[in-house]
Structure formats: C-alpha cells, structure tokens
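Step one of this worksheet: look at the structure below.
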Amino acid sequence: MACDCTAPQCQAHKGGKTQTGQAVIELENVSYSYGGGELLSDISLRLMPGSFHFLTGPSGAGKTTFLKLCYMELMPTSGQLRVFEKPVGKMTRDDVANGRRRIGVVHQDCQFLNHLPVAENIALPLTVSGRDPAGEAANIMELIQWVGLANHADVLPPQLSGGERQRAALARAVVMSPEVVLADEPTGNVDWDMSQRLLQLLIELNKMGKTIVIATHDLNLIRAAKAQVAARVLRIANRRLQLAGADL
Amino acid sequence: MACDCTAPQCQAHKGGKTQTGQAVIELENVSYSYGGGELLSDISLRLMPGSFHFLTGPSGAGKTTFLKLCYMELMPTSGQLRVFEKPVGKMTRDDVANGRRRIGVVHQDCQFLNHLPVAENIALPLTVSGRDPAGEAANIMELIQWVGLANHADVLPPQLSGGERQRAALARAVVMSPEVVLADEPTGNVDWDMSQRLLQLLIELNKMGKTIVIATHDLNLIRAAKAQVAARVLRIANRRLQLAGADL
Amino acid sequence: MRLPRFLTNITGLLAGDGHADRVVPPTGFTAQLTLFAAGAMAFLAVFAAALSISTGRLADRWSDELARTATLRISAPAEQLEAQAAAALRLLETTTGVASARRITAQEQQDLLTPWLGPNLPLDALPIPALIEVTQTREGIDADGLRARLAGEVPGAVYDDHARWRAPLVRAAQRLRGLGWLSLLLITGVMGAMITLAASAALAANARVIETLRLIGARDAYIARAFVRRFTERALIGAAIGAALGTLSVALLPSADTAGGFLTGLGFSGAGWLLPALIPVIAAAVAFWATRTAALRTLRNLS
Amino acid sequence: MRLPRFLTNITGLLAGDGHADRVVPPTGFTAQLTLFAAGAMAFLAVFAAALSISTGRLADRWSDELARTATLRISAPAEQLEAQAAAALRLLETTTGVASARRITAQEQQDLLTPWLGPNLPLDALPIPALIEVTQTREGIDADGLRARLAGEVPGAVYDDHARWRAPLVRAAQRLRGLGWLSLLLITGVMGAMITLAASAALAANARVIETLRLIGARDAYIARAFVRRFTERALIGAAIGAALGTLSVALLPSADTAGGFLTGLGFSGAGWLLPALIPVIAAAVAFWATRTAALRTLRNLS
Ligand SMILES: Nc1ncnc2c1ncn2[C@@H]1O[C@H](COP(=O)(O)OP(=O)(O)OP(=O)(O)O)[C@@H](O)[C@H]1O
Ligand SMILES: Nc1ncnc2c1ncn2[C@@H]1O[C@H](COP(=O)(O)OP(=O)(O)OP(=O)(O)O)[C@@H](O)[C@H]1O
Ligand SMILES: [Mg+2]
Ligand SMILES: [Mg+2]
C-alpha cells in the first residue's frame with residue numbers, strides 16, 4: 001500500500017504499480033509548529049518506494065514545511081518520523097547527511113555556490129559525498145543538456161534567469177540518482193514546454209523505481225502527469241494532509 | 001495607440017480603451033547584450049498610460065532583462081529608451097531614483113530587508129522617498145490584508161513562505177500607487193485563488209489609469225485577465241518582441 | 001488586529017534622527033568587527049601615544065639637561081685661582097650661547113668628591129681647581145671658539161661640555177622618541193586600514209540591502225548617508241571606548257619614581273591627557289571617509 | 001560542445017589537496033580582512049616583541065651591571081691603609097655573594113678624579129682613601145651583614161652599593177621591560193581577537209554556502225575542514241607576510257650606538273631573530289581554533 005493517510009478517503013486508493021518493501025519516508029502522527037500555533041497537525045503518511053505524489057494546498061499552508069520535515073531540515077515537534085526506516089530522533093548528524101545523499105531536493109529558493117560554475121554546482125552532491133564527478137562527466141553533461149542548460153554550463157549561477165535556476169536546481173537534485181526526489185515548486189518559473197521536459201525527467205526516474213514528491217500550484221502539470229503515471233495528489237489545508245484524488 | 005511594435009501584426013491591435021498622451025515607457029530600436037551575443041535585438045515598443053500587457057516567452061528568452069531595461073536597472077546597449085518621456089542616457093542617478101518611485105516592480109527574486117518586519121518592508125518605498133508611512137498606515141494595512149498577509153505583518157521576511165514573499169513583493173510594488181507596475185512572475189508560487197486576488201489588484205490599478213506589465217508563464221492567468229481587461233500579450237522569442245494576440 | 005505593533009514600528013521609524021538609520025541592519029559580525037577593530041586599535045594607539053609622549057619628554061629632558069650644562073675647570077696656583085675664576089666668569093658673560101654661569105661652592109665640590117675621597121679629606125687645604133657650571137642656551141656654545149678665547153685669557157681653564165657622556169644618552173633618548181612616534185604612526189595606520197577594511201566588509205555584507213534600496217527608488221545620498229552615519233557612529237563609539245580604556249590603563253599603571261628623574265613614568269601630563277580624545281575623532285573621520293567611499297563604490301556598480 | 005571547460009573545472013576540482021577547498025569562496029572583503037588583520041597584527045607583534053626583548057636586555061644589563069658592582073672605600077691613616085685594605089679583601093673573599101673584589105689602582109683613581117680635580121693634583125702625596133671594586137653574584141650581598149662585619153674588622157671601610165644611583169635606573173629598566181611585555185601581550189591579544197572576529201565575519205558571510213552544503217548531504221567534518229583549512233591558510237599567510245615585513249623593518253632600523261652601551265638598538269640578537277617565526281604559528285593556531293568554533297557553531301544551528 002502506497003499511502004497510509006489518516007484521512008478516511010485514503011483507504012480507497014491503492015497503488016497503480018506494485019510496491020513492496022518498507023516505506024522510504026514514514027510519518028506517524030507528526031505535528032510541527034514554528035513556535036506559534038501548530039502549522040501541521042497529526043500527519044500520518046507512508047511514502048513507498050516508486051510512488052509519485054503531488055503536494056498542493058494554498059500558499060502558506062505548509063507544503064515547504066512538510067518537505068523540510070521529509071529531508072530532515074526540520075524535526076517534528078511531536079510524532080514519529082522515519083526516513084529510510086530510521087527514526088530521525090535517533091540519527092546522528094552524519095546519519096542525516098548520509099540520508100540526504102539518498103534524497104534529491106529542489107528548494108523553493110534555489111541556492112547555489114555563486115563562485116562555482118553551474119556545471120560544478122550541479123555536480124556538487126557527488127563532490128561532497130566523495131564521489132568523482134569527472135568519472136560521470138558524460139552523464140552530467142547529458143543531464144545538463146536535458147534541462148536545457150548546455151549553453152550555461154560554465155557561467156556562474158547569478159547570471160542565470162529565474163527558470164534556468166530552477167532547472168539547475170532540478171538537475172542538482174537528480175544528479176546522484178537519489179531514491180527520493182522532493183521538488184518544491186520546480187516549474188513555477190518555466191514555460192509549459194520546459195515544465196513538460198522537467199516532468200518527463202521525474203517520470204523517467206519514477207519508472208526506475210524512485211519516489212517522487214512534487215509540491216506545486218500548477219494543476220495543469222498535475223493533469224499532465226496523471227496521464228502518464230499513477231500519481232496521487234496530497235493536499236495540505238487546515239493543518240491536515242488529505243488525499244485529493246477524484247476532484248482533479 | 002497603445003502599442004507600437006515593429007512586428008507587423010502589431011498594427012492590427014488597437015487599444016480597447018482610449019489612451020491619450022505620451023508613452024510612459026518608450027523603446028526605439030533597443031538592443032541589449034550581457035556581453036556575449038545580443039539577447040534582445042532592435043526592440044521598439046511604446047507603453048501607453050493605462051495599458052495592460054502580459055509578457056511571455058520561453059525561460060531564458062529575456063523577459064526579466066526586458067523589465068530591467070524598463071526600470072533602468074540595465075541600460076540599452078544600443079537604441080533609444082525613454083522613461084516618462086526622458087531619454088535614460090540623459091538621466092542623472094537621482095533622476096533614475098525619482099523615476100523608479102513612479103514605477104512599482106515585483107522582482108523575480110523578491111528581495112527584502114531581512115531585519116525589518118514585513119509591514120515596514122512593504123512601506124519602504126514610502127520611507128525612502130521621504131513620505132510618512134504613519135500617515136498612510138490604514139491604507140497600508142488594507143493592502144496587507146488584501147494580499148493575505150495580515151497575520152504576517154510583523155514577522156521578518158525570512159519567515160515567509162515562497163508565495164507569501166511574492167505577495168509581499170507585490171504589495172511593496174503597489175504601495176506608492178505608481179504610474180507603472182512591472183511584475184516579474186508575480187504568481188509563480190501562489191495558488192489559483194490567490195493569483196486571482198493579486199490579478200484583481202493589478203486590474204483595479206489599471207482601471208485607475210496605471211500601466212501594468214506582467215511577465216508570466218501562466219496562460220490561465222492571461223486568459224482570466226483577458227476576460228476582464230483589454231490586456232495584450234507580448235512575446236519575446238529569438239531576440240525579438242512580438243505581439244501575440246489571436247493565438248491565446 | 002495586529003495593527004498596534006506595526007504602528008509602533010512606523011512610529012519608531014519616524015522617531016530619532018530620521019528613517020534612514022533603520023534601513024541599515026543593526027548587528028552582525030561585521031558590525032562587531034568594526035566596533036572591536038576601532039576599539040582595540042584606539043586602545044593600542046593611546047598606549048603608543050603615551051609611549052611616544054613619555055619618551056619624547058624623556059628625550060627632551062636628557063638632551064636639554066645634558067646638552068645644556070658644561071663645566072669649566074680652572075687649575076692654577078692658589079694666588080691666581082680667584083683672579084682667573086673671575087676672568088672666566090666675565091668671559092663667559094660675553095660668550096654667545098651661555099645662559100648662565102656659576103661658581104660651584106666648596107661645599108658642593110666636597111659633596112661631589114666624598115664617594116671617592118672619603119669625608120675626611122681637607123679639601124680647603126688642597127690646591128684643588130675651581131669649577132664653574134655653565135648652562136647653555138638652546139643655540140649652544142661654539143666650544144672651539146670658547147676654548148681658543150680661554151687659552152688666551154684664562155690659561156688654566158679646561159672646558160668640558162660632557163660630550164663624552166652626553167652623546168650616547170641623547171642618541172638613546174632620540175631613538176626612544178623616534179620609536180615612540182613610529183609606533184604611533186604604525187598603529188594609527190593600522191587602525192585606519194582596519195577600520196577601512198571592516199567598513200568595506202560590513203558594506204559588502206550589506207550589498208543586498210543597498211541594491212534593494214536603490215531599486216525601490218532611494219537616492220544615492222540617502223543610502224550613503226544611512227550607512228555613513230551608522231558606521232561613523234560605530235567607529236566613534238568603538239574608538240571612544242578603546243581610548244577611554246587605554247587612558248584608564250595608562251593612568252592606572254604604577255607611576256615611575258620621578259624623583260629618580262632618569263625615566264619618567266609612562267603617561268600623559270597636563271593637557272596631554274586630552275590627546276586620547278583625538279583618537280576617536282580620527283577613527284570616526286577614517287570611518288566616515290571609508291564608508292562613504294565604499295558605499296559610493298557599491299552604488300556606482302548599480303544603475 | 002562546451003564540455004572541455006567543464007571538464008577542466010572538474011579536473012581542477014580533483015587536483016590539489018582535495019575538493020573541499022573549492023567549495024569555499026576564494027575572495028571577498030572578509031578574506032582580505034582576515035589576511036590584513038593577521039598581517040598587520042603580526043607586524044605590530046614583531047615590533048612589540050623587538051621592543052620587549054630589547055628593553056628586557058637593557059633592563060638586564062642595567063640591573064646586572066649596576067646592581068652587581070659596589071665600592072668599598074677605606075679611609076685610614078697612611079700606615080694602616082694597606083693593612084686594612086688587605087683585611088677587607090680577605091673578608092670579602094669569605095663573604096657570600098661576592099663574585100670578585102679588586103683594589104682600584106692609583107692610576108685608575110686619578111683618571112676618575114681628573115674631571116673634578118684637574119690633572120695636576122699630586123694624589124700620591126695625599127691621604128686619599130683606598131677603593132675596592134666589588135662585583136656581586138646574582139644572589140647579591142647582604143649589605144647590612146657585610147657592614148656589621150666590616151665595622152668590627154676594618155673600621156675605616158665604608159661600603160657603598162650604589163643604591164642611590166641604582167634604584168631609579170633599575171626601576172626604569174624594569175618598567176621598560178614591563179611595558180614591552182605588556183605591549184606584546186596586548187598586541188598578541190588584539191591579534192587573536194581580530195583574527196577570531198575576522199574569521200567569524202567571513203564565516204557569517206558564508207553562512208549560505210554552509211547551509212547549501214549541509215542540505216545537499218555534506219558531513220559536518222567535510223564542511224568544517226574546508227573552511228578551517230582555508231582560513232588557517234589565510235591567517236598563516238597574512239601573519240607570515242606581516243611578521244616578515246616587521247622583522248625586515250626592525251633589521252633595517254638604524255642600529256643604535258652600542259658603544260654608548262646605555263641603550264641598545266631595537267632588535268633581536270642571535271636566535272632571537274627566529275622569534276618572529278612564532279607569530280604566524282600563533283596566528284594560524286588562533287585562526288584554526290576560531291574558524292573551527294565558528295563553523296561548528298554555524299553548523300549546530302542547521303539540522
Ligand atoms: N522559519 C519560519 N519561522 C516562522 N514561521 C515560518 C517559517 N517558515 C515558514 N513559516 C510560516 O509557516 C507557514 C507555512 O510556510 P511554508 O513555507 O511551509 O508554506 P508553503 O505551503 O510552502 O507556501 P507557499 O506555497 O507559499 O510556498 C507560513 O505561514 C510561513 O509564514
Ligand atoms: N547578469 C547576467 N550576466 C550574463 N547573462 C545573464 C545575466 N542575467 C541573465 N543572463 C542571461 O540572459 C538570458 C535571459 O535572462 P532573463 O532573466 O532575462 O530570462 P527570462 O526570460 O526572465 O527567463 P525566466 O523565464 O527563466 O525567468 C538568460 O539566458 C540568462 O542566462
Ligand atoms: Mg513553499
Ligand atoms: Mg525571468
């Protein structure tokens with residue numbers, strides 16, 4: 001079973017694809033608050049390997065916060081969060097770093113090292129995990145070409161346009177072929193054709209068995225994806241996570 | 001005549017609303033290059049008071065660059081650019097500053113002063129132009145409420161979500177009731193309902209005679225606007241600016 | 001309604017000496033750095049100033065006292081001694097460069113010689129020479145000219161300008177004075193460079209703020225003024241604290257035995273205590289200039 | 001294809017001492033600041049070290065030479081003089097704290113007195129006292145004990161340990177030495193604080209870089225190492241340049257007339273010239289510690 005929400009409609013949804021084994025990310029009654037009132041309350045969810053989820057909800061609902069919990073930038077204020085079957089509370093800082101190498105993230109505000117060329121920024125996850133980017137230069141270049149940055153491989157990030165930054169961020173997120181890709185509004189600044197290309201990349205990865213979560217406001221993107229994979233739509237509203245399926 | 005493009009189809013488009021007087025921003029055979037090849041070539045356009053334009057084009061085409069020319073962050077590498085009837089080449093730095101007070105801008109990467117609360121950031125254009133924000137506190141608060149940030153007026157900008165930043169940036173752009181509003185992808189990170197609210201704000205301003213230019217990839221937003229105002233769509237592709245009307 | 005706090009902020013914005021100050025982030029490491037650099041360098045500068053003033057005073061004293069006293073020794077048969085001494089005193093009266101000349105009394109002579117000869121030696125009974133103490137004016141005596149005149153008029157007189165003792169002491173004192181000024185110069189220079197760099201670093205850290213302000217229509221003068229005021233203030237406060245602590249430390253140093261007179265205590269004297277007050281002024285001036293330059297440089301790169 | 005340059009970059013990334021270094025921005029004002037702060041403070045520290053070593057040497061010399069010589073003056077009727085002098089020398093031989101004792105010859109005595117008495121005084125004919133020059137060991141002589149013994153055995157002897165002359169000179173020298181060490185301490189302290197602050201400021205300027213690295217899966221040790229290595233290097237280079245320039249300046253200062261012997265020139269002697277090499281080591285150690293602390297502090301705030 002791909003999804004294990006507490007929301008009642010959840011049980012109706014079964015994975016379109018056979019999914020076995022343990023959840024890669026598992027939330028059990030997780031709540032989160034930045035200090036004021038609770039932003040996310042009592043959320044339960046199991047992200048199975050090979051599943052494809054969209055995450056929607058009004059601006060300020062907590063989508064980014066939810067993703068930050070998933071890649072351990074934030075720790076739940078209550079509840080149990082397990083990433084790759086390990087409770088985050090019991091992880092050392094190095095465990096967290098190692099876990100992140102298995103999760104590719106596109107942040108909403110794409111941050112790069114401004115003194116390194118785009119290509120090196122995209123290869124950075126390899127570098128920091130001690131792998132040799134030179135050995136994978138051909139793959140990296142193919143990836144850069146796919147996201148349409150071949151002409152920008154050796155410029156510095158501040159010289160990229162808004163959409164180019166998002167594409168570079170996506171390329172960096174997938175360069176390690178991570179088991180999970182969390183993308184926060186990855187197509188907010190790109191045109192429709194490019195967003196289809198980027199979606200294609202994520203669908204390809206999903207077909208290889210990777211878990212994909214995309215936070216987005218773009219309903220057209222969700223429709224386009226649903227035509228190709230068994231994507232499910234999660235919706236955050238009023239501090240809760242719901243599975244929103246039929247209404248799309 | 002609201003638009004004076006060099007593109008042939010341009011002549012076919014007449015303003016839906018009577019527009020008189022001089023163009024607020026006028027480009028005459030303007031080209032721009034960041035140092036490599038030309039990014040924008042030989043662009044001519046007259047933005048008339050009270051006109052409403054969308055600006056589209058693939059990611060990296062030069063939309064942001066075009067807007068930067070309009071608010072004088074960049075200077076044309078060739079051609080004539082007049083802002084409020086004054087050639088930018090002949091402006092002093094203080095002329096530029098004064099000109100910008102008549103132009104509200106939503107930047108693609110919304111920058112704020114991170115040490116000042118959101119409300120003060122929104123009021124900043126008043127402050128730096130020597131006007132007294134206290135005298136307009138009621139108006140400012142109404143604006144903050146309209147963009148849905150009433151609960152975030154006194155938090156610091158780093159604590160805003162992506163969409164909240166965009167809304168704060170739009171509020172800051174319009175707080176002075178500027179004659180021109182240039183918005184670069186102002187709805188890339190907000191949900192559909194909110195984007196309608198923001199569009200409403202800009203349409204309201206347009207009805208007051210303000211000139212609006214919105215760079216966006218969101219075709220639904222353009223459709224929604226066209227249902228309400230006589231909006232025209234400019235498209236940047238292959239270094240040229242074209243008026244794309246019928247195809248939407 | 002969340003209005004109240006917002007209104008308070010707006011009011012805060014209006015109060016004080018203008019809105020511009022609020023647009024500059026109040027804290028951060030570069031702010032601390034500016035404060036500390038100004039403070040530490042001011043502290044050191046006060047020390048260096050105290051050192052160079054003290055050694056300057058010392059050098060003056062040594063040069064003056066040693067260079068401006070000389071001795072005339074008159075050896076002659078007892079019956080001629082008084083006559084020759086009187087002649088020598090007359091001659092000295094008409095010599096340019098002599099401020100005063102005085103016969104050393106027998107008692108003084110006895111005191112001087114006691115360590116060597118013991119208290120029991122009957123000096124009065126001995127044909128000991130007469131000694132005249134000569135104090136020179138600032139211009140000094142032409143020693144060779146004087147010796148030539150003495151050879152003619154007071155044959156028994158030997159003029160000793162203590163050159164043998166004086167030279168190394170004066171050299172040493174002048175050297176100390178030079179080192180003092182050198183330290184002061186170095187430290188003031190380092191203070192200036194440090195404040196300049198700290199201000200530049202702080203300004204670079206605020207490049208985004210400047211850009212944002214410029215893009216929403218702030219004039220150069222407004223932006224520059226805001227930063228210049230804030231940074232000048234920081235340098236002034238930092239240097240004032242540093243200079244005050246430095247002055248306090250100098251004042252609290254155990255004072256040297258001035259009775260010994262050989263080396264005065266480190267410290268200022270009289271109006272000299274006001275000198276440290278100059279240091280914050282210099283620091284503020286440097287900060288003003290550095291911040292202005294850096295701010296305008298940053299602004300020049302923005303259109 | 002744009003591949004070649006990209007490949008070169010990747011190769012550059014692999015070359016040298018690891019990838020980690022490249023993730024730290026190489027320039028910027030805070031980098032310059034670290035370099036300059038380390039350099040300037042090292043320069044001043046070398047000066048302060050030279051000052052304190054020179055004054056230390058001076059103080060040693062003065063204390064030693066002055067404190068360790070004394071005079072014994074024996075006034076006695078002519079027939080007893082030789083006997084008493086011999087007795088005094090014997091007594092001094094058995095006194096603890098006496099390194100050597102020597103009768104001053106008549107000629108030496110004459111030379112000492114000439115400035116006061118003239119060359120013609122027939123000293124041999126006079127009942128002048130005998131003088132014995134005493135050199136003390138480092139432990140010193142118990143002056144009161146010696147005087148008591150002398151009163152019994154050599155009634156005509158007066159022991160003069162030059163205390164009257166010595167005290168202010170020794171005080172002055174020790175004071176100079178103290179000031180030298182104080183300056184060195186102050187400047188080293190300021191150097192440490194400055195490097196710490198500069199490193200913190202530079203690290204704060206790189207907070208984004210650290211955050212980005214941490215979020216893409218870099219381990220703490222990797223990030224800290226990259227920054228620590230870079231900053232330690234900067235402090236080391238800056239301080240090495242500063243110390244070298246300082247040493248050069250000290251060496252180039254016109255050397256004082258050591259023949260005068262009163263105040264030696266500012267400078268190091270012998271192995272002392274190696275002392276400035278310590279300063280970059282201290283600077284690097286401070287930078288290492290400061291950067292590590294600041295980096296780990298920054299990282300602790302990130303999950
Ligand atoms: N660091 C923070 N401190 C305090 N509050 C925060 C912080 N970050 C976010 N918030 C608040 O938490 C709420 C949710 O933020 P979040 O970024 O998760 O929203 P989102 O769903 O991603 O919105 P958007 O679609 O606009 O990006 C927002 O109201 C925001 O103001
Ligand atoms: N400062 C710069 N220096 C050099 N090249 C730049 C700079 N800024 C932008 N560019 C390049 O100019 C091109 C156009 O950039 P621009 O930001 O105008 O695109 P855009 O149409 O706004 O794209 P997007 O929809 O992705 O925001 C891009 O290819 C970008 O890489
Ligand atoms: Mg978000
Ligand atoms: Mg853009």
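Chain naming here is simple, since letters A, B, ... match the order of the sequence lines and numbering starts at 1 in each. Everything quoted here is computed from the prediction, not taken from an experiment.
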Under 4.5 Å heavy-atom distance to chain C, tell me which part of [X] shows up: side chain, backbone, both or neither.
| X | answer |
| --- | --- |
| B:R102 | neither |
| B:N121 | neither |
| B:I103 | neither |

field: Nearest heavy-atom neighbours spanning B:V180 and B:L182
entry: CG1-CD2, 3.7 Å
Which residues share a side chain to side chain contact (heavy atoms under 4.5 Å, CB included) with C:A284, sequence neighbours left out: C:T232, C:L236
field: From CA spacing to verdict: ring pair (Phe, Tyr, Trp, His ring centres under 6.0 Å), B:F112, B:H107
entry: CA-CA 11 Å; B:F112 297 97; B:H107 300 265; 9.8 Å; no
query: Can you find a side-chain donor-acceptor pair between C:R219 and B:N98 that sits under 3.5 Å?
result: yes
query: Will you find, in the side chains of B:Y34 and B:T65, an N or O donor that is under 3.5 Å from an N or O acceptor?
result: yes
- prompt: What residue in C:N206, C:I216, C:L213, C:I223 has the most heavy-atom pairs under 4.5 Å with chain B?
  reply: C:I216
task: Determine, for B:K86 against B:D95, whether the closest basic-nitrogen to carboxylate-oxygen distance falls under 4.0 angstrom.
output: yes
- prompt: Is NZ or CZ of C:R230 both nearer than 6.0 Å to the six-membered ring centre of C:F227 and within 45° of the ring axis?
  reply: no
message: Run the salt bridge (charged side-chain N to carboxylate O under 4.0 Å, His left out) test on C:R214 and C:D220 for me, step by step, so that the C-alpha distance in whole Å, both residues' side-chain angles and the decisive distance to 0.1 Å come before the verdict.
response: CA-CA 7 Å; C:R214 177 78 196 158; C:D220 287 357; 2.9 Å; yes
field: For chain B, which residues of residues 295-303 of chain C have heavy atoms nearer than 4.5 angstrom
entry: C:L299, C:R300, C:L302, C:S303
- prompt: When heavy-atom pairs shorter than 4.5 Å are enumerated against chain C, which of B:E73, B:M72, B:R100 gives the highest number?
  reply: B:R100
